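Here is the structure we will look at, set down as structure tokens.
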Amino acid sequence: MAILVTHDDARFDNLKRARNARWPSDPADAVSRVALCLSAEDAAEALQRAINAGQRPTIRSGGHCYEDFYANNPNGTLIDTSLMNHVGGLPQDARYHVGVGATLGRAYQELYKRYNLTLPGGTCDSVGAGGHITGGGYGFVSRLYGTTADWLTAVDILTVDAKGKVTLRTCSATQDSDLFRACRGGGGGNFGLIVDYVFDKLPPAPQEVMLANMFFPWAEMTEEKFAKILDTFGSYFATRGQDSETWGMFAVIEANHQSSGFISLSTQFCNPDGTCQNTKPLDEFLGLFDAFKPSAILPMPRTSGQPAQGFGPHMMTRVLWADTGAAGGMHRGSTRAKYKSACMRKTFTAREAGVFYMHLTRMLPGVDLSRTVVEVDSYGGAMNRKEKLEETVSFQRSSIMRLQFQTYWTNPGEDDGHITWIKDFYKDLYTGPEVDAARQGTPFPGENYQGCYINYPDKDMLEYAFWPELYYGPNYEFLQQVKKKYDPNNVFHHAMSIRA
């Protein structure tokens, strides 16, 4: 039976918190209980109990959801699957299992140590497998191997029928195949409660990788230089980056706000065989940026979290036990954030680079933008294999870059400033000749863009009637049919869930 944590439990106020301190925006919208599950049976029992009580269930694995999808649940039950973190084979089953509560870091370590294999997942090791995999998560070796969802063989998922009965299903290419496909890129919280991911095979872990970093100080930056850095990056992945010998390269530009002091370029590389015997492709790529004179001086690392405060004669920081490394470091509720995303099919235009420069150098009185960044990830390679279009619902299989707009702060008084900054930037960037006249303000799928990424949800997109096309392209009608079939009562829903 699940461990039920309610208001009278000392852990409740901490466990109900979201990772993003903005959620829930109103304390009245918080959950009334948290069900900690250790197994599929626990999860089924907790889900059935919530339904029988007339409560809405929301689901959390790693808790990294960018919006309030699990945290906004007035008087509801939050089903926490973070303890369902098994990684590896099971008795009488040689396949590889990744529990929904496993963090990516745990999955990588377990798969490497046990089998010398890896999961081509995200770059943040504290992200939970639950939402990441079903949303088509990608990361350092995804240009070489594809997305996490591309490797799935089966999904164990709890669904609720029209009579309110919870059923455990194992869906695959031969059983409930429509639901299986929907779980490969459809995103979390739509069709049921996923309890386990199953892989018949996984790719080998690289033997070694080469890491490289470049830093470009804002003090030495001009608009022309900035535009050339962006175009050099985008043009490479639109051309040379299509060659399979470069697919072991994952590169990221961190286009930080001017107040941070620098822009960075980081790269991880290996050859397709998992070695670094031939570094020519990496040398060639890095050489393209030498003309922009990267700094030889490393910037000071940024600090985040709660600032030190005076308690008596000394400066100290008050931290909840659950947020300390000794307790596993859940780090919930200290940082406020807002995010947006876009998928690009071509390099940056001169107009787009100009918009970047304008907003990254824009200052707002009383607003600290030093932790504001647009992360430009290289994409393509194996993730663009067209045969996966029919197997999954991840339709962005022609992209060369994926952008993640991020802004972080701790003072609630800065909410309006940060949100205004990121909304203005995004709207200006996607209002122009690159976007269809009826789709202005968005990276609508077309010649230049491929919409948005469902693992980076943004409720601002709900103002557009066509928002499902931004995230799901031509697959939304199919997903609606799956929703109607497997969740007829819309038990699993949030602000951006599939509408039947």
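Being a predicted model, the structure only gives us computed values, none of them experimental.
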*asked:* One pair to check against ring-ring contact (aromatic ring centres under 6.0 Å, His included): Y426 and Y430. What are the steps and the verdict?
replied: CA-CA 6 Å; Y426 196 82; Y430 299 114; 4.9 Å; yes
With a 4.5 Å cut-off on side-chain heavy atoms, are [Y] and [X] touching?
X: T134; Y: I194; value: yes
X: F191; Y: F492; value: no
X: P443; Y: M344; value: no
X: D368; Y: E414; value: yes
X: C343; Y: C452; value: no
X: E477; Y: L479; value: no
X: C270; Y: L144; value: yes
X: V209; Y: F269; value: no

*P281 and side-chain contact (heavy atoms from CB on, under 4.5 Å): which partner among D283, T279, N278?*
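The option that passes is N278.
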*Please test N190 against S497 for side-chain hydrogen bond (donor to acceptor under 3.5 Å, both in side chains), starting from the C-alpha separation and ending with a verdict.*
CA-CA 6 Å; N190 279 309; S497 57; 4.6 Å; no
*ring pair (Phe, Tyr, Trp, His ring centres under 6.0 Å) with F356: which residues, sequence neighbours excluded?*
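In terms of ring pair (Phe, Tyr, Trp, His ring centres under 6.0 Å), with neighbours along the sequence ignored, F356 is linked to F348, F425.
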Looking only at the aromatic ring of each residue, does the gap between the centers of [Y] and [X] stay below 6.0 angstrom?
X: Y66; Y: Y339; value: yes
X: F216; Y: F226; value: no
X: F285; Y: Y236; value: yes

Return yes when atom [atom1] of [X] has more than 12 non-hydrogen atoms of other residues, nucleotides or ligands closer than 6.0 Å, and no otherwise.
X: E387; atom1: CD; answer: yes
X: D416; atom1: CG; answer: no
X: K386; atom1: NZ; answer: yes
X: E447; atom1: CD; answer: no
X: Y112; atom1: OH; answer: no
X: K423; atom1: NZ; answer: no

*Test side-chain hydrogen bond (donor to acceptor under 3.5 Å, both in side chains) on Q207 and T275 and set out the steps.*
CA-CA 6 Å; Q207 296 177 41; T275 70; over 6 Å; no
If we ignore hydrogens and angles and just use 3.5 Å, is the side chain of [X] paired with the main-chain N or O of [Y] as donor and acceptor?
X: E375; Y: E254; value: no
X: W151; Y: D200; value: no
X: T347; Y: S235; value: yes

Under 4.0 Å between a side-chain nitrogen and a carboxylate oxygen: does that hold for [X] and [Y]?
X: D377; Y: R402; result: no
X: K338; Y: D460; result: yes
X: R22; Y: D68; result: no
X: R351; Y: E434; result: yes
X: R240; Y: E284; result: yes
X: K388; Y: D150; result: no

Between [X] and [Y], how do the two ring planes meet: parallel, tilted or perpendicular, split at 30° and 60°?
X: Y476; Y: Y472; result: parallel
X: F250; Y: F140; result: perpendicular
X: F233; Y: F237; result: tilted
X: H418; Y: W409; result: parallel

Tell me whether [X] forms a cation-pi arrangement with [Y], defined as NZ or CZ under 6.0 Å from the six-membered ring centre and within 45 degrees of its axis.
X: R439; Y: F466; result: yes
X: R181; Y: F478; result: yes
X: K225; Y: F292; result: no

*For D125 and T103, which heavy atoms make the closest approach, and how far apart are they?*
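In this case the closest contact between D125 and T103 is O-CB, 3.4 Å.
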*Measure across T246 and Q242 and return the closest heavy-atom pair with its distance rounded to 0.1 Å.*
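So the two residues come closest at OG1-N, 4.4 Å.
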_Quick one about T392 and R397 (side-chain donor to acceptor, distance below 3.5 Å, no hydrogens or angles considered), yes or no?_
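Note: R397 and T392 side chains meet the donor-acceptor criterion.
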*Are a donor atom and an acceptor atom from the side chains of Q404 and S341 found within less than 3.5 Å of each other?*
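No, no side-chain donor-acceptor contact under 3.5 Å.
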*Output the distance between atom CG (L470) and atom CD (Q396), rounded to the nearest 0.5 Å.*
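Rounded to the nearest 0.5 Å, the CG-CD separation comes out at 9.5 Å.
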